[in-house]
Each structure stands twice: as C-alpha cells, then as structure tokens.
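Here is the structure we will look at, set down as structure tokens.
Chain letters run A, B, ... following the sequence lines, proteins first and then strands; every chain starts at 1. What you see below is based on every heavy atom in this structure, not just the backbone, and it leaves out hydrogens, waters and symmetry mates. Everything numeric in this text was worked out from a predicted model, so none of it was measured.
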Amino acid sequence: MGGNSGDAGDNVQLSLLQGFGQPARPQGTSPAAAVDPVAQVLIESPLPHLDREFDYLVPEELSAAAVPGARIKARFGGQELAGYITARKAEAPEGVRLVALSKVVSPQPVLTPGLLRLATAVAERYAGNVSDVVRAAVPPRVAKVDQEFAGRGPGPVEAAAAAPAVDASCFAGYRSGPAFLSHLAAGESPRAVLTSHRSYGPAAWPAQVAAAVAAAVQSGRGALAVVPDARDLARLEAALAAVLGTDGYLRLSAEDGPTPRYRNYLRLLHGDVRVAVGTRSAAYAPVPELGLIVLCDDGDDLYVEQRAPYQHTREVLLLRAGLEDCAMLLASVARSTEAERLVQHGWAQPIQCERPVLRTQTPRVVNTADSFQQERDPLLSHARLPQAAWRAAQDGLARGPVLVQVARTGFSPSLACQDCRTPARCPECSGPLGQTGRGAVPACRWCGRLAGDYRCPECGSARLRASVAGAARTAEELGRAFPGVPVISSAGEHIKDAVGPDPALVVATPGAEPVAEAGYAAALLLDGNAMLSRESLRASEETLRRWFGAASLVRPAAEGGLVVVTADSDAVVGQLVRWDPAGAAARELGLRRELQLPPAVRIAALTGSQAGIELFVQDLQLPPARLVGPVPLPGADGTHRLLVFFGYREAAVVTAALRTRKAALSAKRTPDPVQVRLDGLDFL
DNA sequence: AGCACGCCGACT
DNA sequence: GTCGGCGTGCTC
C-alpha cells in the first residue's frame, strides 16, 4: 500500500517534470527484453562503496548486443557512467526499481567471466576496486576495430596451427628443466622458478621461455608470457617467432598504441591465436584455454602498476595461475625473495644448473675490494678504475666488447655503519635510520624513534656515515683511459639493444645493457657500493639482480669471460662471485623473516593526515597485526604514514577489513582521505 | 555528483 | 497544516 502510494507520487512528480519540458527518458515506451530482461552491471566508479554490481533493465532493442562482458553506458545517480555487463538474468531482487540501460557501447564481450574473477581476486588482495583493476586489464575501445569484428561470435575462425616441435636443448644441464617441459607437453600444470644464467645466444632465457611456451602449445593449450619492458619483449618475440612462426603469437603492449592493442585483444578473445606475449597489462590477456603463464625477471620494479591499487604483475599472475589451474614459470637470471618464498613453500620447483655445470657455463667473477688490489694506477686516477678492473678491460678488449655497468645518479642518502657499512636500522622496528640534517640525531623513518646511542649490530661501532651516491663515470672518462677504443653508451633515453662482436667499451646503466650476440669478453660492475648503500629494504636484492643481469651477458670462463666487481667485500659480493642467486635469495628471505619484513609478512601502508589515519583505524576490525606509526613523512605537509604488518594467514581478513573501512568512509564522504596501499616496498 | 528523504522552523 | 531550509545517505 505505502509502496503503491509512493510510486504514484513519484509518477506525478515525473510527469510534472516532463510537463516543464525536461528531456526525461520516456518510461514504458521501450519494452523490456523478452528473455533475461535484467542485466547485472559493474559500474566504473572510483568510489569504493560503489564498486559492486547493480541491476539494470535491458530494453528489447538492446537485448541482442547486451551480452555478458559488453561495455555499456547507464544512468547512475546523477550521471551517465560507463560499465560492463557481467551477467543477464530473469529477475532482480525485490524492492528495487530498475533503470534501463542507456546504451551498449560495444557488444564485444571484453570483460570475460575469467577476467572478472581475476580482477575481483586482485582487488581483494590489494584492498582496491574491481573497476580499477578492470581498467588496467581491458584495453580502451577503438570503434573502427570493433567494426572488423562485428558479427563474429566466440571461437576460432581457423584451425589451430600445427603443434610446434619442443627443443629442450636450451635446458641442457638444468636440473628439472627437461622434466618441466615434458610435464607441460603432456598437458600437466607444473610450477617452477627458472634461474637461468645466460642472457645471450641460443641458450639464453628467451629461448628457454619459448621452449616452455611451445611445450604448452603442443599439449593443445594456450600460453601467456609477460616481460618488464619493450626491449625484453622484442627479444622474447624473436625467440618465439623462431619456434612458433611470426603468426603463432600476438603481442600486447601499451606502447603499441590503442588500435593494435585493442585489435590483438579481440583476436585473442575470438581464439584466433592462443599465445600472447607482452608487458604488464598483458597479464590479463584473454588467452583461450590457458595452459602456461611465464613471468620474466619478476624482480623488475616496472611490474608495479603505477595506479591504484598498485598491483604487482607477479601477484596478479600467481592469482591467475591458481584460478585457471595452469602451469607457471618465473624465469630470471636472478631470484627475487618472493620467488624464493614460493620455492621454499614447495609451491614451485627450482630449475637451475648445479655448481659443476655453472662453473663451466658462467664467467669468472672477481672482486677488487681486497686490500692488495685497492691501490690505483696513478695514470688512471681520474677514471677511478681499480687496477684489476683496468686490466680485465684491457685483456677483454683484445677478444671482443667489454661491458661497463655504472650506477644511475641520484640515490637518496641514508645511514650506514662507518666501519663495516652495514645499513643502519632501527633497533625497535627495523626501519631505516635517516638524518634530517648535518649533525642531527639519527631517527627511524618508520617509528620516529631517536637513535642517538646507535651501535652497529655487526661490529659494535657507533660511527655512522651518510652514504652518498657515487657519480656515474662518464663514457668520456673511460674513453680517456682507453685511447683508441670505441666507446658506446647506453643509458637514459639513448638505449642500445645490441652491439657487434668487435672490441668496444660499452657503458650502460643497470637494465640498459645491450646484448652482444656472442657474449661480452668481460664486464666491469662499478658503483656497487652506491647501489648497495641505498636506503631500501631491497638494496641488496636489487643490486644482485643488476649484477647477474650484466654478468649473464658475459662469455663463460672457459671462453675467457671475466667479470670484475668493484664493491667492498660483502656477503652480497660473495653470492655473485659464487654465482649463487638461489643462496642469495634464501639468505635475504631469512633476514626478512628475522626482521618480520616482507615478503616474510605482508604489509599495508595507510597514508594521509594524522586525523584521517586515526579515524580510519578507529573502527577497523583487525586480527593480530603489528602497527608501526603513524609517523610524519619527511618533506611532506603533515602527511603521515601508518604501517600494518600481518601474516599471510590473516591477509584475507585484513584486506577485507581495510576494504570495508574504505567503503564506509568514502560513503560518508570523510574530509581526510587515507590512501591504502598493500605490499608497496619502495619506502621500506 | 545528484537526488531522495527527513527533521525542524516560518508562514498561511 | 503546509512549505521549504539543508544535512545525511543512497544511487540498480
């Protein structure tokens, strides 16, 4: 009764508005669809409390196009919002009056059920919005490409290509490598962490990844490979083309521009091709019958999405592998602590060469920091090259190109022990110690505690030094040190993909090293101290990753390959000298466990005003967790940060609680917004 | 962002 | 008794 009279009143108001000439949508003029007249819709709204599905009425004339996965526009609250249909159904729950869909933007079912499940899982993991994840996953629509696919239903147009031959020779000497390939080819879903030791030539990691992809294709399934950047993409594509042909795979890269990106997405969606390769947005590619996911060099920080919820491609793909029950391969010449954790938990099998094989297949690595090698050649004082490094370069240049890795400039100063150079960390919470000015008392950047009586836990010294970055040696300086030798520079905006076999000094910043087809004769890894002394939890891990990346471009010791690293003697240098990325990762993970830091535990960072954070935490229902802060951020206008450390077991409950709190506060339009970020490691 | 609904004061 | 202020909460 009450409901009826309310309806009548609304109708009167509506007709009054229409009487005044408002262009309101005519009610009842377009009949609802005969079959499944209700569409479940995921609204694209940045507001957490609106990040869920809503029901709309489907007008008959839109019914054919309004398929699950299609992009739509619908009136929502005051405005016309974009969204996706997630399902069609016969009726909506009682008590809601449905509004009609405004239009179907495109009938292409781009938000597949699998992608919606994945986006939901990612949003839950990162306490973020499903629609934010969907925005990163689905490429923007291009109308003219839609036309090309008009009228095509799901399913492949042409028969799948002939199964490729799987060449396992690039896995020779790798324990568990051939077995991984044969399990894959047999249709099983093994999971592995591949620690390759070669970045050039026919047995390099791109060839290994291509072999794994071929094995998955041979089993009749699809495969997906994700790389950090365009250079690695080009290298992997070359290897894939050699195995599958240039039509055997599709590339998905945001760098290609909207048209090819959207076209290739739709081609995968329609099953034209079953192998996709690309950069981080490709992690969501609609590969049909996905059998294998490969992630290359998972330690690269390009894998962190730069927009909320700041998801990491590794975590996205781990979730996807679980949801789609497919094989997974993390391939790298280094090993991240996260990958090590997967190995230690038995989730993934390690694939790597054993020591005797490694000794023949990797270059000899020497460290110049030993005191008797420290004195410098007086002629070279300007180039600041230790004598051993100079000799290695001179010898190498007789046999081919020599790589010189120099650090990028601009590291932030932090505190370390003056005597043994151990980074200084807070005795209470393990946060990094910093100094606000010259002579200021050192303070923890996390908990704010003053550490005036700090003593190094390693050597007991009370002396601290600010470790300031070393300046990058310029190509010019090296040119003077080696007159007559061509100097090639690859850094910043001028990155070279490859260099020839002739003698040359190749100066590159980490990650920008060109590939020499027959390998470098030698490599000098300079500025190691600057890289190691950065105020970051990941300084060691990252330095080692850069070192292995460069060293894996050098010929094996048997062919004269030599790597010289100029860093103070340190456990990390030892891991490189012994070529032991797995041991290094295990040691690093052990340290993180002791300190209870990620990835041994998980972490949430709440950033905002002090009042905002207090309000956020007030009604937050948390299981046992360690709270650190809030502490003011240096140089920021009153912005504070609170860190929440919690275990993996509690993670689902914690992220759910954070999401609930975010939604509640955004619904109330609280003035002091708090940013919630999970597992961001850059500030640790 | 907009629009309902609801509780309170002013005016017919 | 009715109209309209805007503060709070929901939006299919």
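A donor-acceptor pair is defined here as one N or O able to donate and one able to accept, closer than 3.5 Å; such a pair exists between the side chain of A:Thr86 and the backbone of A:Gln40. Side chain of A:Arg125 to backbone of A:Ala651: no donor-acceptor contact under 3.5 angstrom is found. Judged purely by atom type and a 3.5 angstrom limit, A:Arg88 uses its side chain to pair as donor or acceptor with the backbone of A:Ser63.
In this entry the distance linking CG of A:Leu47 with P of C:dG9 reads 16 Å, nearest Å. Rounded to whole angstrom, the span from the CD atom of A:Gln79 across to the C1' atom of B:dC3 amounts to 12 Å. Rounded to whole angstrom, the span from the CZ atom of A:Phe76 across to the P atom of C:dC12 amounts to 6 Å. Going from atom CG of A:Leu665 over to atom P of C:dG9 covers 12 Å, rounded to whole Å. For the pair A:Arg97 CZ and B:dC3 P, the interatomic distance rounds to 15 Å; values are reported in whole Å. The distance between atom CZ of A:Phe54 and atom P of C:dC12, rounded to the nearest whole Å, is 7 Å. A straight line from NZ of A:Lys668 to P of C:dG9 spans 7 Å, rounded to a whole angstrom. Whole-Å rounding puts the A:Glu80 CD to C:dC12 C1' distance at 14 Å.
Distance from the side chain of A:Leu98 is smallest for C:dC12 among the nucleotides C:dG9, C:dC12, C:dT11. The side chain of A:Arg669 approaches B:dA1 more closely than any other nucleotide in the set C:dT11, B:dA1, C:dC12.
Between C:dT11 and A:Arg52, a contact under 4.0 Å exists linking OP1 or OP2 to a side-chain N or O.
Note: A:His312 and A:Tyr303 have tilted aromatic rings, judged against thresholds of 30 and 60 degrees for the angle between ring planes.
Residue contacts shown for A:Val96 include a base, since a base heavy atom lies under 4.0 Å away. Looking at heavy-atom distances under 4.0 Å, A:Leu50 makes contact with a base.
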